[in-house]
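Read the structure below first, then the notes.
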Amino acid sequence: MPKNKKPAGGSRAQSFEPRYGAKKTSYQDAKRRPGQSSAGKPGSKSPSHRGYRPEAEEAAPKKQRWSAQERAGRNEARGIRSQAQGDRPRRDDRSDRPARSDRPARSYDDRPVRSYDDRPVRNVGESGRRGSDRARFDGGDRNVRRYERDDRRPQGERRSYGDARPSFRDDRPRYERDDRPRRDDRQRDDRARGGRDDRPTYGGNRSDWKQDEKDAAKRQAFERHADTVHEKLQAEAIQAEEVAGVTFAGLGLGDNIVRALEDLGAASPFPIQAATITPILEGKDVLARGRTGSGKTIAFGAPLVESVLRSQAGKRREFGRSPQALILAPTRELALQIDRTVQPIARSVGLFTTQIYGGVPQARQVGALKKGVDIIIGTPGRIEDLQEQGKLDLSEIRIVVLDEADHMSELGFLEPMQRILRLVEPDAQKLLFSATLDREVAALVDEFLVDPAVYEVAGEDQDSGTIEHRVLVIDHRDKAEILTNLVDRDGKTLVFARTRAYAEMLAEQFDDAGIHAVALHGDLNQAKRTRNLERLTSGRVNVLVATDVAARGIHVDDIDLVIQADAPDEYKTYLHRSGRTGRAGRSGTVVTLITRQRRRKMTEMLDRAEIDAPFDDVRPGDDLLEALRSAE
DNA sequence: AAAAAAC
């Protein structure tokens with residue numbers, strides 16, 4: 001019976017046979033030699049096993065990295081070798097070694113030089129750090145394009161803050177420690193001087209070093225202030241009383257849009273809306289401060305739709321048309337949320353929106369773009385990605401909105417923002433909305449906004465009075481118990497953790513204690529992020545443990561307790577996190593847990609945030625915890 | 001130092 005002649009795997013093994021042909025015999029010889037132990041040899045002994053390694057491979061020296069010391073030793077040896085020339089030929093004769101002995105040398109000596117030669121263009125663009133990341137994913141030709149793009153724009157022409165400029169990024173140490181810090185500095189410096197021709201090669205010379213030192217000194221001066229509240233930009237404050245009696249129609253919005261706004265629950269304009277709608281319709285660049293929840297989204301969304309509509313008046317909306325407006329947000333959740341507001345407004349006048357953000361398949365987004373949309377809402381990464389793939393045309397963008405611009409001016413966001421903004425026509429209208437209006441956003445303001453109208457909503461200040469702030473000074477070992485105690489309540493609770501891992505851990509911990517909780521952080525896939533947030537919104541779960549991904553923008557109506565399991569480092573983070581409660585005039589409580597050692601730091605931070613909060617020493621079971629649980 | 005944002 002042929003079936004039984006061979007075991008199941010037989011034919012398969014046979015088909016592999018030729019590959020092992022030569023070695024198999026030697027293997028078999030070795031194996032069959034009586035008395036020889038195979039113990040201590042790594043790898044499977046069977047050639048048909050996937051772990052099989054022929055003897056020859058074992059004989060080869062082990063691959064390993066050179067430690068710094070070994071490298072030093074090698075260089076020393078090389079010095080000796082060059083004196084005693086006789087050594088060399090003999091080394092080269094060792095036919096199995098040369099590649100190996102060359103490799104460390106190459107990585108030590110040649111690589112840096114070569115890699116700089118490979119990417120000179122990056123010196124010019126602002127893409128320094130990112131460029132190197134990118135190189136892993138694709139070829140270098142993209143960098144060339146970027147260079148052309150960047151070069152096209154005359155730098156430093158719209159500057160108005162003089163030498164204060166470098167402060168935005170200079171207080172970020174990572175740039176200084178980067179492997180090409182001087183390049184960044186020089187680049188920035190050139191912009192300040194308005195010239196960029198005399199940029200020396202990266203190798204640098206003496207005078208560069210001197211310049212660098214000067215820059216470093218400047219930087220240090222700024223770093224001393226980096227921790228303080230940034231100087232506020234000059235803004236026109238809007239009083240709530242001034243807007244009484246104003247209507248959306250009166251501000252210049254069309255009937256359909258006004259109706260759509262009514263459907264969204266916006267019957268009459270909030271102060272920020274009353275302030276910004278008119279100048280936006282007039283085509284002015286606008287810089288406005290207002291928390292999400294202050295009606296910011298409508299403040300830019302409604303006039304943006306109106307304005308796109310007007311510009312298309314009389315024109316047919318063609319299949320595959322390029323988008324006219326772009327709204328940028330720092331997180332996917334926020335982009336989604338903005339779309340939820342803007343889309344109905346746009347639809348009311350027959351315009352289309354689409355979301356362009358990462359973490360989800362591109363196909364649907366690309367499909368929408370192919371059909372043609374008027375307004376795109378998204379996060380920087382995917383927008384750049386699709387643009388580079390040629391699937392998103394930004395050349396016809398007439399209006400750009402940056403939401404949460406202060407956040408987007410932070411490390412890691414600023415440069416993508418700048419690159420995207422440089423892709424749109426320079427005369428496109430720019431609207432910049434930010435929770436804080438200080439010099440942090442000036443990097444963007446300086447370069448991209450022309451004579452902006454600046455608004456700040458008075459009385460909308462962070463400490464709006466509806467939020468009660470408390471600081472609980474606890475023993476670290478009590479932390480878990482106190483947290484579990486606090487979240488065991490009726491209302492919706494948002495817990496902030498500093499890291500993704502801790503957020504995940506806390507959610508599990510609460511679950512284990514019988515309190516249903518979900519997590520929201522960047523380690524989750526987008527589906528889970530969306531679902532978990534929705535669970536809190538819908539009330540199916542009352543406790544959400546999040547990282548700072550949820551600190552900004554996300555809007556859940558009735559969160560009445562925000563717990564900061566880890567105190568934030570920055571006063572702005574504190575403000576943003578606490579802004580998740582006390583929304584739309586409701587009251588809310590913000591509780592921050594700290595250990596004794598952190599008291600002072602916490603006091604300083606609250607000072608900067610201009611928030612008064614009592615500090616209380618708390619242990620598990622204290623009455624205060626009970627009071628906080630049931631508060632509201 | 002961490003978080004977010006791209007395959």
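Residue numbers start from 1 in every chain, and the chains themselves are labelled A, B, ... in the order their sequence lines are given, proteins ahead of strands.
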Please determine whether side-chain hydrogen bond (donor to acceptor under 3.5 Å, both in side chains) holds for the pair A:Q389 and A:D385, giving the CA-CA distance in whole Å, both sets of side-chain angles, and the decisive distance to 0.1 Å.
CA-CA 6 Å; A:Q389 290 181 41; A:D385 194 6; 3.2 Å; yes

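- Atom P of nucleotide B:dA6 and atom CG of A:L328 are separated by 11 Å, given to the nearest angstrom.
- OP1 or OP2 of B:dA6 sits under 4.0 Å from a side-chain N or O of A:T379.
- Crowding of A:R364 atom CZ: a count of heavy atoms from other residues, nucleotides or ligands under 6.0 Å not exceeding 12.
- Not one side-chain nitrogen or oxygen of A:R552 sits closer than 4.0 Å to the OP1 or OP2 atom of B:dA4.
- Set against B:dA3, B:dA5, B:dA6, the side chain of A:Y357 has B:dA6 as its closest nucleotide.
- Within residues 517-530 of chain A, the residues that place at least one heavy atom under 4.0 Å from DNA chain B are, in residue-number order, A:H521, A:G522, A:R529.
- Per the geometry, CZ belonging to A:R577 stands 11 Å off P belonging to B:dA3, to the nearest Å.
- Atoms CG (A:L533) and P (B:dA4) sit 14 Å apart, rounded to a whole Å.
- Counting non-hydrogen atoms of other residues, nucleotides and ligands closer than 6.0 Å to NE2 of A:H476 gives a total of 12 or fewer.
- Side-chain atoms of A:T581 come within 3.5 Å of backbone atoms of A:I559 as a donor-acceptor pair (strictly under, hydrogens ignored).
- Side chain of A:R580 to main chain of A:A551: a donor-acceptor pair is present (N/O by atom type, distance under 3.5 Å, no hydrogens or angles).
- Nearest nucleotide to the A:D385 side chain, out of B:dA6, B:dA4, B:dA2: B:dA6.
- Distance alone, capped at 3.5 Å, is enough to place a donor-acceptor pair between the A:K492 side chain and the A:L536 backbone.
- A:H555 and A:D557 share a donor-acceptor pair across their side chains, judged by distance under 3.5 Å alone.
- Between the P atom of B:dA6 and the CD atom of A:E415 lies a distance of 16 Å, rounded to the nearest Å.
- The separation between A:R332 atom CZ and B:dA6 atom C1' is 8 Å, rounded to whole Å.
- Remark: A:R498 is not in phosphate contact with B:dA3, judged by side-chain N or O atoms under 4.0 Å from OP1 or OP2.
- Between the CD atom of A:Q389 and the C1' atom of B:dA6 there is a distance of 10 Å, given to the nearest Å.
- Rounded to a whole Å, the CD atom of A:E410 is 14 Å from the P atom of B:dA3.
- A straight line from CG of A:L386 to P of B:dA6 spans 10 Å, rounded to a whole angstrom.
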